[in-house]
Amino acid sequence: MNITFLGTSSGVPTLTRNVSSLALKLSQKAEVWLFDCGEGTQHQLIKSTIKSSQIRKIFITHMHGDHIYGLPGLLATLGLSGNSKGIDIYGPSNLKNFISSALKNSYCKISFPLKFFEVENSAQTNTNLFEDELMEVKCASLKHRLPAFGYRVNEKDKPGQFNLEKAKKLNIPEGPIYGKITFWSES
Ligand SMILES: [Zn+2]
């Protein structure tokens, strides 16, 4: 995993720092996940080594403008570029309305699959917001002036490979138990 801080300037941009956004590059999936998308995040992406076409998930922490005003513009640009495979957006339940309204009223049609996932239930029940064979994402409520959510991304453990030499060194008797043992890749 590789993290790029695209914006760390809280509510107002400065000459050298933009408003909130963070990109998580998952090399094992060739995907980028974005966390928040303040205004100007597109420019920050252009200046970075992140490929916008690899953005597959966007997680929004809360509905304050410095976290979401860049999202309609980014989606519109990705739509124009025509190379997005689809984006899943996770956030508060009113996010879908905000994005749909911005796109509809600016006569913008997104050419790739766009899905919205409300996060409130996952936060309340402490259940996984997302899970596949490599990753899992949980979310939890945060204290703020409006409903806000934090996200935790876990990379799942990768099974190791059986190491005969190590098994012998540890005096593990030969037999069916060998089939149940894996070792981490270090010696
Ligand atoms: Zn806020």
Side-chain angles (χ1 to χ4, degrees), residues 1-26 31-79 84 86-106 108 110 112-131 135-155:
M1 285 196 221
N2 189 290
I3 292 174
T4 303
F5 292 94
L6 297 166
T8 57
S9 182
S10 187
V12 181
T14 69
L15 257 184
T16 54
R17 290 165 63 195
N18 200 43
V19 289
S20 299
S21 187
L22 182 150
L24 179 67
K25 204 172 172 178
L26 305 170
E31 281 188 16
V32 171
W33 293 359
L34 208 61
F35 293 82
D36 284 335
C37 188
E39 182 189 358
T41 295
Q42 291 196 65
H43 282 277
Q44 298 298 88
L45 284 165
I46 291 166
K47 289 180 204 160
S48 78
T49 56
I50 307 280
K51 285 184 189 157
S52 296
S53 59
Q54 288 189 339
I55 296 172
R56 297 302 307 277
K57 293 188 186 301
I58 299 175
F59 298 86
I60 297 296
T61 58
H62 64 293
M63 293 299 290
H64 275 154
D66 52 317
H67 295 254
I68 58 170
Y69 285 168
L71 192 47
L74 175 64
L75 295 174
T77 299
L78 288 172
S84 174
I87 295 183
D88 294 341
I89 299 181
Y90 299 80
S93 52
N94 43 350
L95 180 64
K96 183 179 179 182
N97 192 23
F98 168 75
I99 297 298
S100 305
S101 168
L103 295 176
K104 188 179 158 211
N105 286 297
S106 57
C108 177
I110 299 293
F112 54 84
L114 192 60
K115 283 189 210 154
F116 287 90
F117 297 87
E118 298 177 359
V119 302
E120 284 86 349
N121 185 51
S122 171
Q124 274 164 16
T125 56
N126 195 31
T127 49
N128 280 348
L129 187 59
F130 169 79
E131 181 174 8
M135 320 290 299
E136 60 183 10
V137 182
K138 280 191 189 297
C139 77
S141 295
L142 300 177
K143 271 191 185 168
H144 200 21
R145 295 187 302 280
L146 74 184
F149 303 91
Y151 299 96
R152 191 179 75 193
V153 179
N154 282 339
E155 192 175 10

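Atoms within each ligand, like the ligands themselves, are counted from 1 in listed order.
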Checklist entry - Would the number of heavy atoms belonging to other residues, nucleotides or ligands and lying under 6.0 Å from NZ of K96 be above 12? => result no
Item to check | H144, NE2: over 12 other non-hydrogen atoms inside 6.0 angstrom | outcome: yes
Checklist entry - Taking atom types as modelled and ignoring hydrogens, do the side chains of S101 and N105 form a donor-acceptor contact shorter than 3.5 angstrom? => result yes
Item to check | Nearest heavy atoms of Y151 and G91, plus distance in Å | outcome: OH-CA, 3.8 Å
Item to check | Worked verdict on D88 versus R56 for side chain to side chain contact (heavy atoms under 4.5 Å, CB included) | outcome: CA-CA 6 Å; D88 294 341; R56 297 302 307 277; over 6 Å; no
Checklist entry - Can you count the protein N, O or S atoms that lie less than 2.8 Å from the Zn ion (ligand 1)? => result 3
Checklist entry - Which one of V153, L22, L129 satisfies the side chain to side chain contact (heavy atoms under 4.5 Å, CB included) criterion with F59? => result L129
